[in-house]
Protein chains: 2
Amino acid sequence: MLDTMPSSSSSSTTARGRPPRKTATLADTTASGDHSPDADQGLDTRYLESLLGYNARRAALSIIAVFLRRMAPFDLRPVDFSVLTLVAHNPGATSRQICAALDILPPNLVGLVRKLEVRGLVQRKPHPTDRRAQGLHLSAAGKRLQRSAQAEATTLEQDVASALSREEHDQLKGLLRKVYLHTPAPDIGSDPG
Amino acid sequence: MLDTMPSSSSSSTTARGRPPRKTATLADTTASGDHSPDADQGLDTRYLESLLGYNARRAALSIIAVFLRRMAPFDLRPVDFSVLTLVAHNPGATSRQICAALDILPPNLVGLVRKLEVRGLVQRKPHPTDRRAQGLHLSAAGKRLQRSAQAEATTLEQDVASALSREEHDQLKGLLRKVYLHTPAPDIGSDPG
DNA sequence: TATTGTTATACTCTATAACTATA
DNA sequence: TATAGTTATAGAGTATAACAATA
């Protein structure tokens, strides 16, 4: 849901990556021309940086950029990895469950699963009790790939958080979880339009 | 860059919102048809939740969902708000600078600015020294709207972080910033094809 | 030759409506 | 009537190539 890359692998020399270096100096304002010296092109982004959403978005994009590169050899984008991992840890899970867990809409999952199935990584088996549903399972190849990818993700995690101490790392994840688990749900349907 | 909403306003009764309730109970494995009671649909997402990227993405999406709703009355999506705010705080800024600050590609900014211009919120004036560039400025209406929107964003910020103490809030932003400022840049071009 | 702003365009992601087959 | 999976499709978001004007 946060992806942004050509599906093909081939370690892109093109991909966006580096967040713009911000060194806070106002643009040559029409009148007031008093800013920090080291601002080749930097704008004053201080207000935006005071917003959680802005920072979360920037952090997520940075991490994803790294993720995309490192997962390219597996030809897995974030969602693919998430689906694969979820199925690995929850054999027999249904599409419906995957959608709920990852906040993906059913129609958008269809294609994802189909690709994984075509690649021989995922298999569908009839659900034991509900004939409408299908249980998702990993093939042997799927299990191998998922294991490798998860190992890579774990390594990647350390690199991404290399600027953080172990404690900060845990704390950051905890705080993020707090935010998205508690965030005042958009009151779906509360609008007496 | 992280948006996801129809441009039209009208407080959506449809928008995605609530992150899936996760109550960690394995899916009914191939054989065992024994679901925990409170696991209507919950999958084991523990590994994904151990990843910073996953948590950052989820948090960002949650916040943006709220943002979209609250900014709907102003007909501003996150990027629009960012551009407007950047111009407000940096009168005379050029498209190039906006792009650098927000990590937007120039071709994609054109349409955004044009819309804001058509709405009478933004004006372009010739750059004082560079005849190629154009300085962006807010009209009176633009300033008013930006002020209102920024006030709303500030209020929103408090709601979003309502689960956090003041200290946690600051800490979270600091940690996120640390991550995306330090994240090992994807070494563009480091790949000896 | 490099850069600003731009057009055109392709590809991906996200969302809705509507259908089927089961429940 | 409601739900699981699906199709088709519309709409944002994101990316590249290429051009004119200027530096």
Side-chain angles (χ1 to χ4, degrees), chain A residues 1-8 10 12-17 27 40-41 57 60-61 64-65 68 77-80 82-83 92-100 102-115 117 122 124-136 188, chain B residues 1-8 10 12-17 27-28 40-41 57 60-61 64-65 68 75-80 82-83 92-100 102-115 117 124-136 188:
Chain A
M1 314 174 66
L2 211 78
D3 313 50
T4 301
M5 280 287 274
S7 49
S8 52
S10 76
S12 54
T13 310
T14 343
R16 325 286 310 291
D40 298 284
Q41 39 140 5
R57 161 184 164 275
L61 289 176
I64 288 173
L68 287 167
R77 280 155 312 149
V79 204
D80 302 316
S82 294
V83 171
T94 67
S95 290
R96 172 75 181 67
Q97 288 176 310
I98 303 287
C99 284
L102 297 179
D103 205 13
I104 295 175
L105 292 173
N108 297 331
L109 182 65
V110 175
L112 295 175
V113 171
R114 179 150 44 208
K115 279 182 193 168
E117 196 180 13
V122 164
R124 302 187 224 198
K125 300 181 183 176
H127 188 99
T129 64
D130 191 335
R131 271 187 304 174
R132 293 172 304 179
Q134 301 171 24
L136 298 176
I188 295 181
Chain B
M1 314 175 67
L2 212 79
D3 315 48
T4 301
M5 279 289 275
S7 49
S8 53
S10 77
S12 55
T13 310
T14 343
R16 326 285 310 290
D28 52 323
D40 298 285
Q41 37 141 2
R57 161 183 164 275
L61 290 176
I64 287 172
L68 287 166
D75 196 14
L76 293 178
R77 280 155 311 148
V79 203
D80 302 316
S82 295
V83 171
T94 67
S95 290
R96 173 76 182 67
Q97 288 177 309
I98 303 286
C99 284
L102 296 178
D103 205 14
I104 295 175
L105 293 172
N108 298 330
L109 183 65
V110 176
L112 295 176
V113 171
R114 180 151 43 210
K115 278 182 194 168
E117 197 180 12
R124 302 188 224 199
K125 300 180 182 176
H127 187 98
T129 65
D130 190 335
R131 273 186 302 173
R132 292 172 305 180
Q134 300 172 25
L136 298 176
I188 296 182

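The sequence lines fix the lettering, A, B, ..., with proteins before strands; numbering per chain opens at 1.
Across all their heavy atoms, A:C99 and A:L105 have their closest contact at SG-C, 3.9 Å. For the pair B:L136 and B:T94, the tightest heavy-atom approach, listed with the atom from each and the gap, is CD1-C, 4.5 Å. Residues B:R77 and B:L68 share a closest heavy-atom pair of CG-CD2, 3.8 Å.
Of the side-chain N and O atoms in B:R131, one or more sit less than 4.0 angstrom from OP1 or OP2 of D:dA23.
The separation between A:R124 atom CZ and D:dA4 atom P is 16 Å, rounded to whole Å. Between the CD atom of B:Q134 and the P atom of D:dA21 there is a distance of 14 Å, rounded to whole Å. Between B:L61 atom CG and D:dG13 atom C1' there is a gap of 13 Å when expressed in whole angstrom units. Remark: C1' of D:dA4 and CD of A:Q97 are 11 Å apart, rounded to the nearest angstrom.
Taking only distance into account, the side chain of B:R132 meets the base of C:dT3 through a donor-acceptor pair shorter than 3.5 Å. Under 3.5 Å, the side chain of B:N108 and the base of D:dA15 form at least one donor-acceptor pair of N or O atoms.
Considering CD1 of A:I104 and CG of A:L112, their distance stands at 6.0 Å, rounded to 0.5 Å.
Nucleotides of DNA chain D nearest to A:S95 and B:P107 differ in position, and the one nearer the 5' end is that of A:S95. Nearer to the 5' terminus of DNA chain D, by closest-nucleotide assignment, is the contact made by A:R114 (compared with the other of A:R114 and B:D130).
With C:dT16, D:dT16, C:dT22 as the choices, the nucleotide that has an atom nearest any side-chain atom of B:L105 turns out to be D:dT16. The side chain of B:R96 approaches C:dT4 more closely than any other nucleotide in the set D:dT22, D:dG5, C:dT4. The side chain of A:T94 lies closest to D:dG5, out of C:dT4, D:dG5, C:dA23.
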